[in-house]
Participant: 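Before I ask anything, let me first share the structure, which is written out below as structure tokens.
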Amino acid sequence: MSERNPEQPHRTVLLRGGEVHSPADPFATAMVVEGDRIAWVGEEGAADSFADGVDEVVHLDGALVTPAFTDAHVHTTATGLTLTGLDLSGTATLAEALRRITEYAAARPAGAVLLGHGWDAAAWPEGRPPSRAELDAAAGGRPLYLTRIDVHSAVVSTALLDLVPGIRERSGYAPGAPLTGDAHHAVRAAAYATVTPAQRAEAQAAALARAASLGIGTVHECAGPEISGEDDLAGLLALAAEGTGPRVIGYWAELVASAKDADRIRELGALGAAGDLFADGSLGSHTAHLHAPYADAPHTGTAHLDADAVAAHVAACTEAGLQAGFHAIGDAALTAVTDGVRAAADRLGTARVRAARHRVEHAEMLTPAHIAAFADLALTASVQPAFDAAWGGPDGMYAARLGAERAAGLNPYAALLKAGVPLALGSDSPVTPLDPWGTVRAAVFHRTPGHGISARAAFTAHTRGGWRAIGRDDAGVLVPGAPADYAVWHTGELLVQAPDERVERWSTDPRSGTPGLPDLTPGAALPRCLRTVVGGRTVFDRPNE
């Protein structure tokens, strides 16, 4: 976990004349910050008593102040490389993607390995990824690595394949098909090995700056040996420790079998052996592990961990006082995870496993039995509502992969909350963009009726939920004593919003105790971030506003 700069000056700041989203006072219009903590929240009339003893007065002019968002699943360097490099997300056709590759290659230095992200053949009328011959031509014969939007498969040029000895004998390689599994990991390692420390630092800084500009105060970095690398995580944590951007909570996706392994995870600066510790892959790449075959492929995907491996990892982490976690999307993968965690609880005691707050990333294809197990074992569901916005619905990619009936069961956020399962929201950037208010909107207006949750519940899961997922119950909320992590927003009228598109005016009954939130109905303009503060330090300030 990144440590904030200990030399932070102690300053007192009064914010007044706006709307402060606080459960301590649903009508609060002012807030006082002392150093790195919230000192007071209340109404404008009482703010005058603080005015003479502060170092700065911020006149909000009606702006909204909320806790800063926590994005509970990010790949920071990959996000930065996408922001600063070749981004194919949003391309409408294969031809457009090839044209962008050609233009990008022409602008890069000779000899550089080309890195790109975001192609999605399911969204193209051609219905197929680019062929290797097309990539060779577009890249001018240079090494090229392009990840699919879900980052679980990639297409590459011949020149990049030639840099990896024995690549054609690895699992996940098939002529003419995107690379998956070991083959994908090998070419990714070869491509990312060409990124210089300076390029990596530039990418990380760009990603953290984008996060800060969107009101994100904390990101959970999901690193690992098959994802980024130890140097990448160390560099990111060092950058975050400078205190000029969002906090970074590091996770390292590697199995733990002993106390020595756990000590190594801590030495890396990681909070847990969790994040993208793969139990399976993704639905888009046909690598999520299912109980029954895909609707559009004659297999059930790929299993990377069974229940015994999950149980051993969870037991070792629990005994070492370390958080464990897994990437699990398909129903068979989720069965392996829940059965494994249950076995660890049978061995060590359910209370001890619950107290460790282990987590599961994505958790999309949940059954009622899975949800019950999550609740019983206190597993945090770290979920990405933008997945449903992008690929859900009766005509979306999920329906193509699974059939409409199975797809309609994906991402059941309302059922998770009803069962008492802790939720933490994130983006999995660069899979989907950093976009916290868009994430809240997607959770509310789920594409499957009955799965959406209230704006208040989604907002809480994207702020306080991310802190609770790391074992902190005192943060992610604007109350006296909480960390001074907050964002200031230009927004419209505040509302109390339910997930079924009913919108009610913000209640003026003080007994309701319900602070309002911006209008998130589809088509409404989302709030614009004016300032982001982390631990009392301003890490983003929009010019001239």
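Worth saying up front: this structure is predicted, and the values here are computed from it rather than measured. Position 1 is the first residue of the sequence; numbering continues from there.
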Participant: Hey, is the main chain of L478 close enough, under 3.5 Å, to the side chain of S22 for a donor-acceptor pair?
Facilitator: yes
Participant: Taking all non-hydrogen atoms of both residues into account, name the closest pair between A273 and V256 and its distance.
Facilitator: CB-CG2, 3.6 Å
Participant: Would one find more than 12 heavy atoms of other residues, nucleotides or ligands at under 6.0 Å from atom CZ of R210?
Facilitator: no
Participant: Begin from the C-alpha positions of Y192 and S228 and carry the test side chain to side chain contact (heavy atoms under 4.5 Å, CB included) through to its verdict.
Facilitator: CA-CA 8 Å; Y192 275 42; S228 50; 6.0 Å; no
Participant: Heavy atoms only: give me the nearest P518-L494 pair and the separation to one decimal.
Facilitator: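 The answer is N-CD2, 3.9 Å.
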Participant: Given side chains that start at C-beta, do those of H313 and L277 come closer than 4.5 Å, heavy atoms only?
Facilitator: yes
Participant: Check whether the side chains of E361 and H327 place a donor and an acceptor atom closer than 3.5 Å, and report yes or no.
Facilitator: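 Not at all, the side chains of E361 and H327 share no donor-acceptor pair under 3.5 Å.
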Participant: Is the shortest distance from a Lys or Arg side-chain nitrogen in D473 or R357 to a carboxylate oxygen in the other one below 4.0 Å?
Facilitator: yes
Participant: So if I apply the side-chain contact (heavy atoms from CB on, under 4.5 Å) rule between F50 and each of V32, T12, V13, which one comes out positive?
Facilitator: V32
Participant: Could you pull out the closest heavy-atom pair between A203 and L81, with the gap in Å?
Facilitator: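 Heavy atoms only, the tightest pair is CB-N, 3.6 Å.
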Participant: Keeping S258 on the side-chain end and D261 on the backbone end, is there a donor-acceptor pair under 3.5 Å?
Facilitator: yes
Participant: Is it the case that Q204 and T77 place a side-chain donor and acceptor less than 3.5 Å from each other?
Facilitator: yes
Participant: Nearest 0.5 Å, what's the CG-CG distance between D231 and L268?
Facilitator: 10.0 Å
Participant: Quick one: CG on D388 to NE2 on H446, what's the gap to the nearest 0.5 Å?
Facilitator: 4.0 Å
Participant: State, without any angle test, whether T82 and H117 hold a side-chain donor-acceptor pair at a distance under 3.5 Å.
Facilitator: no
Participant: Do NZ/NE/NH1/NH2 and the carboxylate oxygens of R342 and D376 come within less than 4.0 Å?
Facilitator: yes
Participant: Ignoring hydrogens and geometry beyond distance, is a side-chain donor-acceptor pair present between Q384 and D428 at under 3.5 Å?
Facilitator: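 Looking only at side-chain atoms, D428 and Q384 do not form any donor-acceptor pair under 3.5 Å.
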Participant: Verify the distance criterion only: is there a donor paired with an acceptor across the side chains of T448 and H451 at less than 3.5 Å?
Facilitator: no
Participant: Can you name the nearest heavy-atom pair linking A39 to P480, along with the distance?
Facilitator: O-CB, 3.8 Å
Participant: Hey, what do you get for OG1 (T538) to OH (Y486), rounding to the nearest 0.5 Å?
Facilitator: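 Going from the OG1 atom of T538 to the OH atom of Y486 covers 6.0 Å.
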Participant: Which is it for R347 and E319 under the salt bridge (Lys or Arg N to Asp or Glu O under 4.0 Å) test, yes or no, and what are the steps along the way?
Facilitator: CA-CA 11 Å; R347 172 183 161 189; E319 290 183 316; 3.6 Å; yes
Participant: So R11 and E34, do their side chains get closer than 4.5 Å, heavy atoms only?
Facilitator: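 E34 vs R11: side chains apart.
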Participant: Can you tell me how far CG of L417 sits from CD1 of I453, rounded to the nearest 0.5 angstrom?
Facilitator: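 That separation rounds to 5.0 Å.
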Participant: Please walk me through it: do L434 and V74 pass side chain to side chain contact (heavy atoms under 4.5 Å, CB included)?
Facilitator: CA-CA 9 Å; L434 299 168; V74 174; 4.1 Å; yes
Participant: Judged by modelled atom types alone, do S429 and T79 share a side-chain donor-acceptor pair under 3.5 Å?
Facilitator: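 Checked: S429/T79 side chains pair up, N/O donor to acceptor below 3.5 Å.
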Participant: Evaluate the side chain to side chain contact (heavy atoms under 4.5 Å, CB included) criterion for residues L233 and E221: first the C-alpha distance (whole Å), next the side-chain angles of each, then the deciding distance (0.1 Å), finally the verdict.
Facilitator: CA-CA 8 Å; L233 178 60; E221 165 67 14; 4.1 Å; yes
Participant: Side chains of R359 and Y251: any donor to acceptor distance under 3.5 Å?
Facilitator: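 Note: Y251 and R359 side chains meet the donor-acceptor criterion.
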Participant: I'd like to know if the side chain of E364 reaches the main chain of N411, judged simply by a donor and an acceptor atom lying under 3.5 Å from each other, with no hydrogens or angles considered.
Facilitator: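 Checked: no pair found.
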Participant: Using a 4.5 Å cut-off on heavy atoms from C-beta on, say whether the side chain of F459 contacts that of S454.
Facilitator: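 Heavy-atom side-chain distance check fails, nothing below 4.5 Å.
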Participant: Verify ring pair (Phe, Tyr, Trp, His ring centres under 6.0 Å) between H152 and F278, making sure each step is shown before the conclusion.
Facilitator: CA-CA 11 Å; H152 283 270; F278 297 117; 5.4 Å; yes
Participant: Closest heavy-atom contact between A344 and A311?
Facilitator: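 Between these two residues, the closest heavy atoms are CB-O, 3.8 Å.
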Participant: Just so I know, are the side chains of F69 and V440 near enough to count as touching, which here means a heavy-atom distance under 4.5 Å?
Facilitator: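 Answer yes - side chains close enough.
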Participant: Where do V479 and I38 come nearest, in terms of heavy atoms and distance?
Facilitator: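 Nearest heavy atoms, V479 then I38: O-CB, 3.3 Å.
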Participant: Looking at Y398, I'd like to know if the NZ or CZ of R447 sits under 6.0 Å from its six-membered ring centre while staying within 45 degrees of the ring's axis.
Facilitator: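 Not satisfied by the 6.0 Å and 45° rule.
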Participant: Is E56 paired with R531 through a side-chain N to carboxylate O contact shorter than 4.0 Å?
Facilitator: yes
Participant: With rounding to the nearest 0.5 Å, note down the distance linking OG1 in T432 to CH2 in W391.
Facilitator: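 Answer rounded to 0.5 Å: 6.5 Å.
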Participant: Find out whether L208 and V248 are in side-chain contact, i.e. whether some heavy atom of one side chain is under 4.5 Å from a heavy atom of the other.
Facilitator: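 Touching, per the 4.5 Å side-chain cut-off.
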Participant: Is there a donor-acceptor contact under 3.5 Å from the side chain of S282 to the main chain of D150?
Facilitator: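 Not confirmed, S282 side chain does not pair with D150 backbone.
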Participant: Mind checking whether H358 and T380 have side chains closer than 4.5 Å, heavy atoms only?
Facilitator: no
Participant: Show your reasoning for whether side chain to side chain contact (heavy atoms under 4.5 Å, CB included) applies to T218 and D485.
Facilitator: CA-CA 9 Å; T218 301; D485 288 26; 4.1 Å; yes
Participant: Side-chain contact, heavy-atom cut-off 4.5 Å: H73 with V383?
Facilitator: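 No. Closest side-chain heavy atoms not under 4.5 Å.
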Participant: Any salt bridge linking K260 with D263? Criterion: basic side-chain nitrogen under 4.0 Å from a carboxylate oxygen.
Facilitator: no
Participant: Looking at R464 and V477, would you say the former's side chain and the latter's main chain have a donor-acceptor pair under 3.5 Å?
Facilitator: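 Between the backbone of V477 and the side chain of R464 there is no qualifying donor-acceptor contact (under 3.5 Å).
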Participant: Would you compute the distance between atom CD of E202 and atom CG of L83 and round it to the nearest 0.5 angstrom?
Facilitator: 11.0 Å
Participant: Return yes if a side-chain donor-acceptor contact under 3.5 Å exists between H21 and R456, otherwise no.
Facilitator: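 Not at all, the side chains of H21 and R456 share no donor-acceptor pair under 3.5 Å.
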Participant: Is the closest basic N to carboxylate O distance between D48 and R16 below 4.0 Å?
Facilitator: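 So D48 pairs with R16 through a salt bridge.
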Participant: Would you say L60 and V65 make side-chain contact, with heavy atoms under 4.5 Å?
Facilitator: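 In short, these two side chains touch, coming nearer than 4.5 Å.
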Participant: Just checking, is any N or O donor in the side chain of D71 or H462 under 3.5 Å from an acceptor N or O on the other one?
Facilitator: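 Absent: no donor and acceptor within the cut-off.
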